[in-house]
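Below is one structure, written out as structure tokens, with a few remarks after it.
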Amino acid sequence: MVIQISDKFYDKAFKLQSIKHFESLCFNCGIFIEFDHFINSELVDDGGTTYHMDIAFVDRKGFIAIVEFQSSVVTEDDVDRFMKYAVLTHLREGKNVHIYVISTVEEQDRVIRRKWNLFNEFTIYIKSLKSID
């Protein structure tokens, strides 16, 4: 498994701690998963561009969960990036993909929904650390 660490201090701290205490971190943030095993977090698109997800794993229920750590407000560029992660991961793993963002700056939990096409919708779950006592 490759974990790309960004230059942002908070991103580094969350990524390193999350690996050690992953299930506890998710549970405390309201992300209720049944962790099975980590998968490779490096993705390459058909144009040769490489992407590095923060953490990706298989849930015992059979889906892939991607957890991203944000020390900035989620923007449309972030949403586009997360959607690329989901598409590339689905193509590689052949499973449904769920995206969770753990944020140090979002004021409250929120959900972002985007249409894939007429029938499908993509959902990003943002969990705010500020909303946790």
Side-chain angles (χ1 to χ4, degrees):
M1 174 179 64
V2 175
I3 296 179
Q4 183 72 21
I5 305 293
S6 79
D7 292 333
K8 293 181 179 178
F9 170 77
Y10 289 118
D11 284 350
K12 284 183 184 180
F14 280 123
K15 289 172 194 171
L16 294 173
Q17 285 300 311
S18 68
I19 294 164
K20 187 175 179 183
H21 306 286
F22 183 69
E23 287 184 90
S24 295
L25 174 67
C26 287
F27 180 81
N28 289 329
C29 291
I31 300 171
F32 304 108
I33 52 123
E34 294 180 27
F35 176 80
D36 188 48
H37 63 276
F38 289 108
I39 62 170
N40 186 351
S41 61
E42 183 176 273
L43 301 166
V44 180
D45 68 14
D46 58 359
T49 301
T50 301
Y51 302 92
H52 296 276
M53 300 178 287
D54 290 341
I55 292 180
F57 65 92
V58 176
D59 186 276
R60 286 189 198 115
K61 296 174 198 135
F63 63 86
I64 302 292
I66 298 170
V67 178
E68 289 291 309
F69 302 98
Q70 286 281 124
S71 56
S72 59
V73 173
V74 174
T75 66
E76 284 302 314
D77 288 341
D78 294 321
V79 171
D80 290 345
R81 178 170 47 92
F82 300 152
M83 289 179 76
K84 282 180 192 173
Y85 291 172
V87 169
L88 293 172
T89 300
H90 176 74
L91 291 172
R92 183 180 73 192
E93 303 291 332
K95 298 178 187 245
N96 289 335
V97 177
H98 298 193
I99 299 273
Y100 301 94
V101 177
I102 298 176
S103 172
T104 59
V105 296
E106 296 278 351
E107 292 298 324
Q108 59 188 7
D109 292 351
R110 65 184 176 115
V111 176
I112 297 174
R113 290 187 170 83
R114 295 291 182 271
K115 287 281 197 188
W116 282 109
N117 54 40
L118 291 175
F119 306 106
N120 298 308
E121 186 175 76
F122 180 74
T123 305
I124 300 168
Y125 302 94
I126 299 174
K127 297 299 186 172
S128 167
L129 292 181
K130 286 186 172 187
S131 67
I132 298 172
D133 186 8

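We use all heavy atoms of the structure for the numbers below, so side chains are in, but hydrogens, waters and symmetry mates are not. Numbers here simply count residues along the sequence, with the first being 1.
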Lys/Arg-Asp/Glu bridge criterion (N-O < 4.0 Å) met for Glu76, Arg114: yes
Identified side-chain contact (heavy atoms from CB on, under 4.5 Å) counterpart of Phe63 within the set Glu93, His90, His98, Lys95: His98
Please give me the minimum heavy-atom distance between [X] and [Y], naming the atom from each residue.
X: Ser103; Y: Ser72; result: OG-O, 4.4 Å
X: Cys29; Y: Leu129; result: SG-CD2, 3.5 Å
X: Phe69; Y: Asp54; result: N-OD2, 2.7 Å
X: Phe35; Y: Asp59; result: N-OD2, 4.4 Å
X: Ile33; Y: Glu23; result: CD1-CG, 4.2 Å

Test ring pair (Phe, Tyr, Trp, His ring centres under 6.0 Å) applied to Phe32 and Phe27, Tyr100, Tyr125, the passing residue: Phe27
Note, [X] side chain near [Y] side chain (heavy atom, < 4.5 Å):
X: Arg92; Y: Ile39; answer: yes
X: Lys130; Y: Glu106; answer: no
X: Ile64; Y: Val58; answer: yes
X: Val74; Y: Arg110; answer: yes
X: Val79; Y: Phe122; answer: no

Verdict with reasoning, Asp78 to Glu68, per side-chain contact (heavy atoms from CB on, under 4.5 Å): CA-CA 10 Å; Asp78 294 321; Glu68 289 291 309; over 6 Å; no
Residues, nucleotides or ligands: over 12 heavy atoms within 6.0 Å of Glu121 CD: yes
ILVMFWY network linking Val44 to Val87, side-chain heavy atoms under 4.5 angstrom: no
CA sep, side-chain torsions, deciding dist, call: Ile31, Ile102, side-chain contact (heavy atoms from CB on, under 4.5 Å): CA-CA 9 Å; Ile31 300 171; Ile102 298 176; 4.0 Å; yes
OG1-CG distance between Thr49 and Leu43, expressed to the nearest 0.5 angstrom: 11.5 Å
Check: Thr89 side chain, Tyr85 main-chain N or O, donor-acceptor pair, under 3.5 Å: yes
Check against side-chain contact (heavy atoms from CB on, under 4.5 Å), Phe82 and Ile112: CA-CA 11 Å; Phe82 300 152; Ile112 297 174; over 6 Å; no
Which residues share a salt bridge (charged side-chain N to carboxylate O under 4.0 Å, His left out) with Arg60, sequence neighbours left out: none
ILVMFWY cluster membership beyond Val73 - transitive side-chain contacts under 4.5 angstrom: Val105
